[in-house]
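Below, chain A is the first sequence line, B the second, and so on; all start at residue 1.
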Amino acid sequence: MNLDDLNNVQKKAVTADNSHSLVLAGAGSGKTKVLSSRIAWLINTGQASFNEVLAVTFTNKAAREMLSRISMMLNRDMRGFWIGTFHGLCHKMLRLNWREANLIQNFQIIDMSDQLSLIKRLIKSANVNESKYSARDLQKIINSYKETGLRSNEIEVYDAYNKYIAEFYHLYENQCIRDGLIDFAELLLKSYDLLKNNQTIRNYYQERFKYILVDEFQDTNNLQYGWLRLLIGNSTSVFAVGDDDQSIYAFRGANIDNMSLFDKEYAKGNIVRLEQNYRSMGHILGAANSLIRYNNGRLGKKLWTQEGDGEKVLIVEKHNDLLESQWIVDEIKNLVRNGINQDDIAVLYRSNAQSRVLEHALFLSGVSYKVYGGLRFFERQEIKNVLAYLRLIVNRNDDSAWLRSVNFPIRGIGSRTIESLLEITKNNNISLYDAVAYHSGRSRNNLLMFNNIISTLEEASKKLTLVQLIEYVLEFTGINAFYKNEEETDRLDNLKELVTAATIFSAENNFSESPASLLIDVLQENMDVNLYNNISEQEKITPLLSFLSHASLEAGDNQFESEQPSVQLMTVHAAKGLEFEVVFITGVEEGLFPHENSMSDNSSIEEERRLMYVAITRARKKLYITMANSRMLRGQVRYSVKSRFISEIGEENAVFVKNKEKILSNNYLKSSSRYAPNTNSNKLSDGNMSFVDINGKKFVIGQNVKHKKFGIGTIIKLIGHGEESQAQISFDDFGIKTIMLGIARFE
DNA sequence: AAGCTTTGACTTTTT
DNA sequence: GTCAAAGCTT
């Protein structure tokens with residue numbers, strides 16, 4: 001194995017001795033490379049066997065990337081290797097030890113939306129006189145209790161609200177147990193409890209995993225830290241990699257202090273700093289360094305590069321959000337004209353709502369773009385409908401799945417029927433499936449038919465493979481026919497895609513030939529002789545259950561594969577871990593970035609600053625920061641001043657451009673952009689209209705108008721069609737303004 | 001059971 | 001301003 005393409009600091013990290021170490025890995029410093037190299041090095045030098053390493057990441061994507069790198073370095077098949085997300089690894093541990101964890105063998109994982117609907121259902125059936133809490137609130141509260149390691153009977157009850165929550169939490173726990181369901185937080189908590197309460201199992205894993213590597217350590221929550229702690233035995237060596245300056249997930253429980261805690265408890269000053277950056281040019285790094293200096297209590301780190309200063313950061317101020325977007329679109333066109341690929345351009349924003357204006361401007365000027373975020377593949381309605389049937393095959397007592405499928409496609413089973421069934425389940429403590437036998441209403445036959453469908457599917461699952469079973473479900477339940485009838489071609493395509501996903505999944509896991517509900521050994525290869533009898537028994541799981549777990553743990557992409565090069569639009573959070581040639585950070589105003597909800601206390605401001613730091617460090621060659629003096633927010637115009645972060649970037653790294661259109665072009669030229677801008681930014685570009693017809697009135701470029709407030713001016717630019725058309729008008733006394741033609745009052 | 005109107009929320013999000 | 005969900009009507 002060759003370590004020569006590592007720099008000295010990276011090499012030091014990769015070959016650190018057996019004690020614990022903490023690696024502070026700056027943005028773009030080769031973190032993934034170091035992690036993968038360390039694992040490969042440990043195995044290659046014989047210090048660790050294949051089965052003695054545990055690697056934890058936060059996303060499946062990160063796990064996949066690391067795995068493929070290691071696989072390449074070691075030139076071997078990595079199947080069976082313990083690498084994955086906290087949730088994925090806990091899941092694996094629970095499947096292996098389901099008995100000891102007090103689970104049923106075919107427990108199923110529910111995602112956030114499943115959890116929310118379950119909570120909604122419980123609120124209804126609990127019949128508590130007007131809960132003070134919404135389903136969302138309760139979901140948040142329950143999850144955060146779980147993430148601090150507390151179960152319903154461990155909550156300290158000091159008032160009525162608290163008592164209600166504890167009782168509701170208890171109700172929820174019971175329902176999950178009865179339905180054989182386990183939510184995301186519960187995967188961690190159950191696994192934590194297993195290790196904590198079962199000494200034999202704890203000893204086994206402590207002795208087995210001699211090397212534990214953790215990625216994105218700044219994103220761990222308290223429960224995850226506790227879980228790791230239970231895995232650390234006398235001879236365990238932990239290699240924790242993270243960047244306290246990129247901790248942006250406190251709102252979902254991440255505890256940035258876990259890094260210094262880890263240093264105190266384990267690493268004990270054994271810290272390596274990866275500060276050489278291979279991504280961004282000097283001024284961009286300068287801006288990032290300058291900004292982050294304003295945070296207190298950092299572990300300390302300063303990025304540097306050998307690649308030279310590059311261009312300064314361009315900070316652009318505009319009158320409003322529409323002009324901001326328009327300017328960005330024009331600039332993107334310039335960049336593209338100068339040979340930049342659209343895929344290499346990212347437009348980032350603090351909150352999703354901001355994408356609308358940007359999309360609108362991009363759309364009007366015909367620049368293709370791609371918005372990240374939104375529903376992922378396995379979260380789509382039509383997919384979830386199919387998955388619900390599959391869940392019922394595994395466990396017909398899964399009431400959540402039963403409710404979802406019973407009247408889809410429509411079988412004449414209405415809400416009255418459901419209500420009476422739910423009453424029966426409550427009184428007899430049985431599942432909805434079983435409650436059908438006690439129901440005597442008009443829909444009885446329809447209900448029996450539905451239950452029959454489940455039985456038929458279950459029989460089929462014993463003979464058909466996973467892929468055949470899914471195809472059978474699609475036909476037999478009438479789901480395909482339903483969407484065909486409704487001419488929902490997108491959904492039909494997605495259903496085909498589901499079959500493809502199952503095909504790929506089956507092939508990857510070597511069970512293309514097995515019946516869907518036959519228990520099979522999953523960890524065929526790479527298993528060492530059992531260290532302790534009865535513990536490292538092979539994982540037994542059915543292809544069907546395995547696929548369902550996969551669907552919950554890995555929701556899939558939220559974007560179809562792109563057909564053409566497109567500008568990338570996403571939140572700053574979504575951009576973490578990515579990099580682009582050119583980056584626009586938009587809406588950099590007080591109240592938006594930092595967000596107004598984060599402006600009250602210093603720790604949230606610091607998190608916002610880290611968010612800005614993440615945004616800046618995404619850019620390789622060119623960085624734009626834009627802001628608007630006013631913007632439409634929740635239907636109202638809001639005025640704001642530029643973000644404090646703009647001044648914190650440091651003047652030596654940036655060029656400021658005020659919102660006077662003509663000065664803009666000149667100033668910009670002085671910044672000697674490699675991508676020379678269009679000298680006349682007001683000239684007609686492809687997306688602009690030469691005339692606009694609105695409410696019977698015609699507007700043409702060059703036309704003179706008299707505005708009630710701004711007086712006489714000339715139309716220099718028309719943007720958009722119909723109701724939403726705007727005009728840029730050069731007023732004699734007020735300069736250039738952009739005006740909505742539908743609203744503006746002309747004389 | 002579908003189709004309408006009203007109400008209310010609204011920062012960021014992976015598993 | 002936009003979206004979803006709840007509530008009401010037919």
Side-chain angles (χ1 to χ4, degrees), chain A residues 56-63 84-91 109-117 120 123-124 134-137 140 143 146-147 182-189 191 215-216 219-221 223-224 247-254 321 348-357 359-360 372-376 378-379 381 407-418 443 486 549-558 570-577 587 591-599 604 607-608 610-612 614-615 631-638 724:
Chain A
V56 195
T57 61
F58 264 80
T59 63
N60 291 300
K61 198 176 153 207
T85 62
F86 278 99
H87 294 83
L89 295 166
C90 286
H91 170 242
I109 305 162
I110 51 170
D111 67 14
M112 293 251 286
S113 70
D114 296 330
Q115 184 187 38
L116 189 64
S117 24
K120 279 180 183 162
I123 291 176
K124 273 197 191 127
S134 67
R136 255 166 221 288
D137 287 342
K140 248 192 202 154
N143 286 338
K146 289 191 178 194
E147 275 160 19
I182 182 164
D183 61 49
F184 286 139
E186 190 66 32
L187 282 171
L188 289 163
L189 186 51
S191 177
D215 191 13
E216 307 277 18
D219 286 338
T220 51
N221 66 30
L223 185 56
Q224 287 159 342
S247 162
I248 55 173
Y249 284 112
F251 70 92
R252 66 174 198 217
D321 49 348
L348 310 183
Y349 34 83
R350 174 67 238 274
S351 59
N352 287 305
Q354 288 166 252
S355 75
R356 234 195 88 252
V357 188
E359 284 182 67
H360 189 68
Y372 284 78
L375 277 190
R376 321 259 291 289
F378 285 109
E379 292 167 351
Q381 186 207 101
N407 203 32
F408 183 85
I410 298 154
R411 299 194 176 86
I413 298 167
S415 50
R416 292 269 299 279
T417 307
I418 300 296
S443 313
E486 302 276 309
S549 302
H550 166 78
S552 307
L553 285 171
E554 195 167 345
D557 293 329
N558 44 24
M570 66 189 86
T571 64
V572 180
H573 281 93
K576 191 173 168 220
L592 237 203
F593 202 172
H595 196 274
E596 55 187 344
N597 296 359
S598 308
M599 284 167 66
S604 338
E607 174 137 329
E608 294 284 308
R610 291 192 290 269
L611 197 51
M612 188 68 186
V614 169
R631 72 173 60 241
M632 238 358 181
L633 221 65
R634 295 181 202 169
Q636 284 183 320
V637 179
R638 286 214 346 197
E724 294 183 65

Which nucleotide wins on minimum distance to the side chain of Phe184(A), given the candidates dT11(B), dG1(C), dT15(B)? dT15(B)

With heavy atoms under 4.0 Å as the rule, sort Asn352(A) into base, sugar-phosphate or nothing. sugar-phosphate

Looking at Glu147(A) and Arg252(A), is any side-chain nitrogen of the basic one under 4.0 Å from a carboxylate oxygen of the acidic one? no

Could you grab the distance from atom NZ of Lys576(A) to atom OG of Ser247(A), nearest 0.5 Å is fine? 7.5 Å

Stacking check His573(A) vs dT12(B) (5.5 Å / 30 deg): no

Aromatic plane relationship, Phe86(A) with Phe58(A) - under 30° parallel, 30 to 60° tilted, over 60° perpendicular: perpendicular

Test item: side-chain donor near acceptor, Ser355(A) and Asn352(A), under 3.5 Å: no

Can you find a side chain N or O atom of Asn60(A) that sits less than 4.0 Å from OP1 or OP2 on dT14(B)? no

Could you check how far NE2 of His360(A) sits from P of dT2(C), rounded to whole Å? 10 Å

Nearest-nucleotide pick for Lys120(A), side chain only, options being dT15(B), dA6(C), dT11(B): dA6(C)

What is the separation between atom CZ on Arg631(A) and atom P on dG1(C), rounded to the nearest whole Å? 16 Å

Select base, sugar-phosphate, or nothing to describe what Ile413(A) touches, counting heavy atoms under 4.0 Å on all strands. sugar-phosphate

Atom-to-atom span, NZ of Lys576(A) to C1' of dT14(B) - whole angstrom: 11 Å

Testing Arg638(A), Arg356(A), Arg631(A) one by one against Asp321(A) for a side-chain contact (heavy atoms from CB on, under 4.5 Å), which residue passes? Arg631(A)

Examine dA1(B): is either OP1 or OP2 under 4.0 Å from a nitrogen or oxygen in the side chain of Arg416(A)? Give yes or no. no

Measure CE/Met112(A) against P/dT12(B) and give the value in whole Å, please. 13 Å

Does Asp111(A) reach a base, just sugar-phosphate, or nothing at all? Heavy atoms under 4.0 Å. nothing

Atom CD1 of Ile248(A) and atom C1' of dT14(B) are separated, to the nearest Å, by 11 Å

With both distances under 3.5 angstrom, what nucleotide forms a Watson-Crick or G-U wobble pair with dA6(C)? dT5(B)

Reading DNA chain B from 5' onward, which residue's closest nucleotide shows up sooner: Thr571(A) or Gly414(A)? Gly414(A)

Could you tell me whether the phosphate oxygens of dT12(B), OP1 or OP2, come under 4.0 Å of any side-chain nitrogen or oxygen in Arg252(A)? no

Toward the 5' end of DNA chain B, by each residue's nearest nucleotide, Arg411(A) or Glu554(A): Arg411(A)

Report the nucleotide, chosen from dA1(B), dT11(B), dT15(B), that has the shortest atom-to-atom distance to any side-chain atom of Arg634(A). dT11(B)

Heavy atoms under 4.0 Å, any strand shown: does Phe58(A) hit a base, just sugar-phosphate, or nothing? sugar-phosphate

From the options dA1(B), dT12(B), dT15(B), select the nucleotide whose nearest atom is closest to the side chain of Phe251(A). dT12(B)

In Watson-Crick or G-U wobble terms, with both distances under 3.5 Å, the base opposite dT12(B) is none

Atom OH of Tyr372(A) to atom P of dT13(B): distance rounded to whole Å? 14 Å

Got a second to check how far Gln224(A)'s CD is from Ser191(A)'s OG, nearest 0.5 Å? 11.0 Å

Considering just the side-chain nitrogens and oxygens of Arg136(A), establish if one lies under 4.0 Å of OP1 or OP2 belonging to dA9(B). no

In whole angstrom, give the distance that lies between atom CD of Glu379(A) and atom P of dT15(B). 10 Å

Measure the CG-CG distance between Leu189(A) and Asp183(A) for me, rounded to the nearest 0.5 Å. 9.0 Å

Grab the CD-C1' distance between Gln115(A) and dT13(B) for me, whole Å please. 14 Å

For dT12(B), take OP1 and OP2 only and decide whether either is under 4.0 Å from a side-chain N or O of Asn597(A). no

Taking any heavy-atom pair under 4.0 Å as a contact, classify Ile410(A): base, sugar-phosphate, or nothing. sugar-phosphate

For Tyr249(A), answer base if it contacts any base atom (sugar-phosphate contacts may also be present), sugar-phosphate if it contacts only those atoms, and nothing otherwise; contact means non-hydrogen atoms under 4.0 Å. sugar-phosphate

